[in-house]
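Presented below is the structure to which this report refers.
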2 protein chains.
Amino acid sequence: MTKAHPTLTERCRQEGLRLTGPRRVILQVLEASDDHPDVEELHRRVEAIEPGVNIATIYRTVNTLAEHGLIERHSFADGRMRFEIVPETHHDHFINVETGEVVEFRSDEIERIQEEIARQYGFDIVSHTLDIYVRPRKG
Amino acid sequence: MTKAHPTLTERCRQEGLRLTGPRRVILQVLEASDDHPDVEELHRRVEAIEPGVNIATIYRTVNTLAEHGLIERHSFADGRMRFEIVPETHHDHFINVETGEVVEFRSDEIERIQEEIARQYGFDIVSHTLDIYVRPRKG
DNA sequence: CTCATATATGCGAATCACTCGCATCTAAGC
DNA sequence: GCTTAGATGCGAGTGATTCGCATATATGAG
């Protein structure tokens with residue numbers, strides 16, 4: 001029986017990345033986050049577990065992890081970068097403009113239409129981001 | 001006979017914005033741009049028409065115009081903000097990852113599905129961005 | 001047409017998110 | 001236990017954007 005999801009730590013090993021003290025904590029925090037924290041928020045969460053980790057290390061680590069394809073970068077309208085573990089299957093995001101909360105959704109239909117349109121234009125899709133800014137429906 | 005598109009200048013007047021020298025040039029440049037220039041590029045184009053306009057003025061002006069709904073801000077993967085006149089009908093963007101070129105497209109079907117999904121989640125859509133990073137199809 | 005004043009502008013300093021240089025440290029292979 | 005490539009801490013540096021403030025100017029009132 002293979003595990004459904006190898007952990008980030010396992011994937012780091014596979015990628016030949018060193019498992020240092022600070023890095024282990026960062027991985028643990030990422031595993032435990034089901035929202036889309038930015039670097040400052042990650043730093044806060046890391047500091048809560050083990051103080052003394054420099055914020056530059058968080059920046060470097062998320063960059064390394066993203067380069068190795070273990071996490072995804074997002075930049076919503078607030079400017080800073082946000083991160084999440086690369087999901088099993090791609091999804092897009094609702095961003096609640098009143099609270100900043102992020103909700104994931106997926107539409108196979110939208111994915112399909114994108115492919116179709118890209119083909120019409122003579123493009124291959126490398127990646128895409130669909131961010132829908134919303135507010136709770138009234139009434 | 002009403003004009004199909006009021007010019008930016010006309011819309012500024014409607015919004016009670018002052019038409020100063022520098023601002024007129026910025027508006028003219030925006031009207032003439034059918035790409036998605038960033039602030040530096042706008043500054044370059046403005047300087048070519050009338051030197052001496054400070055880049056801070058470009059920043060302030062695009063912010064003012066965006067707040068008044070006359071232009072749209074975009075931030076593609078390169079980090080800086082890019083602008084375009086608010087289009088007649090909404091469109092999304094292909095970004096050629098090899099050249100940085102931006103191509104507009106529109107899909108009523110995608111728009112419709114977005115609305116449908118948002119409704120299912122109990123949201124009203126405020127706005128959205130769909131950026132598809134592509135490369136020219138080979139073979 | 002002139003004046004008053006709310007708005008814009010130019011300029012340099014400040015800010016914000018992020019990156020880098022470099023000395024030190026340490027994980028992981030031998 | 002060594003060795004060494006790779007990781008870290010820290011402070012300085014960057015690049016895009018914003019701000020403070022003195023000056024200038026567009027626009028409406030008279």
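Computed over heavy atoms, backbone and side chain alike; hydrogens, waters and symmetry mates excluded. Below, chains carry the letters A, B, ... as their sequence lines are ordered, and counting in each starts from 1.
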Pairing of B:E116 and B:R112 as salt bridge, 4.0 angstrom limit: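 Salt bridge: yes.
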Is a salt bridge present between A:D124 and B:R137, judged by a nitrogen-to-oxygen distance below 4.0 Å? yes
Under 4.0 Å: is that the gap between some side-chain N or O of B:T57 and OP1 or OP2 of C:dG10?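 So the side chain of B:T57 is within the cut-off, an N or O lying under 4.0 Å from OP1 or OP2 of C:dG10.
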At under 4.0 Å, does any side-chain N or O of B:T20 touch on OP1 or OP2 of D:dA26?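 Indeed not, no polar side-chain atom of B:T20 lies that close.
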Expressed in angstrom and rounded to an integer, what is the separation of [X] atom [atom1] from [N] atom [atom2]?
X	N	atom1	atom2	value
B:L17	C:dA8	CG	P	6 Å
B:N54	C:dG12	CG	P	8 Å
A:E47	D:dT8	CD	C1'	13 Å
A:N63	D:dT8	CG	P	12 Å
A:Y59	D:dT14	OH	C1'	13 Å
B:E15	D:dT27	CD	C1'	17 Å
B:L19	C:dA8	CG	P	10 Å
A:L65	D:dA7	CG	C1'	13 Å

Check the pair A:F76, A:H93 against ring-ring contact (aromatic ring centres under 6.0 Å, His included), reporting the backbone distance first and the verdict last. CA-CA 9 Å; A:F76 302 131; A:H93 298 94; 5.3 Å; yes
Checking only heavy atoms, does the side chain of A:R60 share a donor-acceptor pair with the base of C:dG21 at less than 3.5 Å? yes
Side chain of B:R18, base of C:dA6: donor and acceptor closer than 3.5 Å?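 Pair found.
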Chi angles and distances behind the side-chain hydrogen bond (donor to acceptor under 3.5 Å, both in side chains) call for B:S33, B:R45: CA-CA 10 Å; B:S33 302; B:R45 295 180 192 179; 2.9 Å; yes
For B:R13 and for B:I55, locate the closest nucleotide of DNA chain D by heavy-atom distance; then report the residue assigned to the nucleotide nearer the 5' terminus.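 Between the two, 5'-proximity favours B:I55.
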Between B:H36 and B:V103, is there a donor-acceptor pair closer than 3.5 Å when you use the side chain of the first and the backbone of the second? no
Closest approach of B:D78 to B:R82 (non-hydrogen atoms, all atoms of both residues):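 Answer, listing the atom of B:D78 first, then B:R82: OD2-NH2, 2.7 Å.
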Can you give me the closest heavy-atom contact between B:P6 and B:R11, atom names plus distance? O-NE, 3.8 Å
Of the nucleotides [options], which one has an atom closest to the side chain of [X]?
X	options	value
B:R23	D:dT17, D:dG9, C:dT9	C:dT9
B:R24	C:dT19, D:dT27, D:dA16	D:dT27
A:T61	D:dT8, C:dT9, D:dT27	D:dT8

Interface with DNA chain D, restricted to residues 67-77 of chain B and to heavy atoms under 4.0 Å: none
